[in-house]
Amino acid sequence: MQFDLHMHMILDGVDFRKAIGTHRERPCEALIRSRLEQYRARGVTFLRDGGDAWGVSLRARELAEEYAIDYRTPVFPIYKKGHYGSFIGRGFATLDDYRRLLDVLHEKNADFVKLMISGLIDFSKANTLTEDGLSPDEICQLVELAHGEGFAVMLHTNGDWAANAAMDAKGESLEHGAFFRQETLLRIAKTRTLWVPTLSTIGNLIGCGRYPDEVLQALLCKQQEKVAFVAQNGGLIGLGTDAGAYCVPHGEAISHERHYLSSIPDSILQTATDFVRCTFSSRPNLQKSGDAL
Ligand SMILES: [Zn+2]
């Protein structure tokens with residue numbers, strides 16, 4: 001099985017500013033093609049991008065067919081102004097702004113909505129996120145509006161409250177997932193909400209010297225235990241690397257992530273991918289019933 005349920009074509013795993021700069025005028029087709037070729041050479045047939053504000057993932061989707069890759073994109077991720085996401089997404093201040101962004105996604109044939117609802121892990125301290133994130137009510141409202149427009153929703157979700165708000169609103173996938181508590185893990189399992197833990201974003205930093213290795217190692221272990229717990233309780237875990245994030249190389253990271261997810265049987269990862277294939281598209285020819293899953 002070769003797929004990645006969470007990657008960023010626009011990023012290069014090294015320097016996000018430089019990487020985005022390469023595409024700022026227009027998407028650099030040669031670079032996109034060379035990445036698609038790398039994926040094809042590894043036998044990858046399915047990719048779900050997290051989107052970007054410069055049209056790179058959109059161009060990648062247009063080209064991907066030539067490489068026999070089924071490519072899904074939210075076009076751009078959506079964040080609330082003043083919160084995490086401005087480096088890669090498009091922001092809204094009011095719900096009317098948000099509705100206008102959803103209209104743009106329809107125009108561009110987005111496959112789904114990607115929402116940023118919380119910050120990042122602060123690796124310099126234990127158990128800390130970089131910001132408080134959106135309120136539960138707001139998260140529910142945003143997901144419900146996206147559902148009302150026929151979109152499935154991929155949620156950048158760190159923090160226990162964010163996961164619960166995302167599940168209250170029946171969001172389709174939780175990405176990353178730091179600091180989930182035991183009851184929340186059980187809820188993820190019982191509701192079979194897809195969790196894509198992107199462990200490469202933690203594990204691949206070990207030894208890079210940017211953050212204390214003990215903190216990274218402890219966090220990786222904890223996340224691996226939580227992921228295993230969800231799977232043991234019947235939950236759905238997806239293989240997504242966050243390729244393009246710092247120290248997460250395109251293509252290669254799929255085997256890194258598989259290694260970090262070594263307690264998860266292939267069958268669960270495959271079911272998760274089938275679910276994404278069925279659910280994360282608003283294009284009618286791709287949308288099929290996910291009822292069987
Ligand atoms: Zn990402």
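Excluded from the calculations below are hydrogen atoms, water molecules and symmetry mates; all remaining heavy atoms, backbone and side chain alike, are included.
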In terms of side-chain geometry, is the basic nitrogen of R99 or D96 positioned less than 4.0 Å from the acidic oxygen of its partner? yes
What I want to find out is whether E62 reaches R59 closely enough, with some N-O distance under 4.0 Å, to be called a salt bridge. yes
With a 4.5 Å cut-off on side-chain heavy-atom distances among I, L, V, M, F, W and Y, is there a chain of contacts connecting V196 to I268? yes
Classify the ring geometry between F275 and F280 as parallel (under 30°), tilted (30 to 60°) or perpendicular (over 60°). perpendicular
Kindly indicate whether the side chain of T201, heavy atoms from C-beta on, has any atom under 4.5 Å from the side chain of V248. yes
Got a salt bridge between E29 and R33, using NZ or NE/NH1/NH2 to carboxylate O under 4.0 Å? yes
Should the pair R48-E175 be classified as a salt bridge under the 4.0 Å nitrogen-to-oxygen rule? yes
Atom CZ of R90 and atom CG of L101: how far apart are they, to the nearest 0.5 Å? 5.5 Å
Looking at H250 and H8, would you say the former's side chain and the latter's main chain have a donor-acceptor pair under 3.5 Å? yes
Quick one about H6 and D242 (side-chain donor to acceptor, distance below 3.5 Å, no hydrogens or angles considered), yes or no? yes
Report yes if some heavy atom in the side chain of D52 is under 4.5 Å from a heavy atom in the side chain of M9; otherwise report no. no
Taking atom CD of E66 as the centre, does the number of heavy atoms from other residues, nucleotides or ligands within less than 6.0 Å exceed 12? yes
Salt bridge or not for D70 and R72, using N-O below 4.0 Å? yes
Taking D266 first and then R258, would you say they form a salt bridge - that is, a charged N and a carboxylate O separated by under 4.0 Å? yes
Side chains of L199 and L220: does their closest heavy-atom pair fall under 4.5 Å? yes
I need the L194 CG to L5 CG distance, nearest 0.5 Å. 7.0 Å
Hey, are T184 and D160 close enough side-chain-wise for a donor-acceptor pair under 3.5 Å? yes
Look at atom NE2 of H106 and say whether more than 12 heavy atoms of other residues, nucleotides or ligands are closer to it than 6.0 Å. yes
Same cluster (ILVMFWY, side-chain, under 4.5 Å), V14 and W54: no
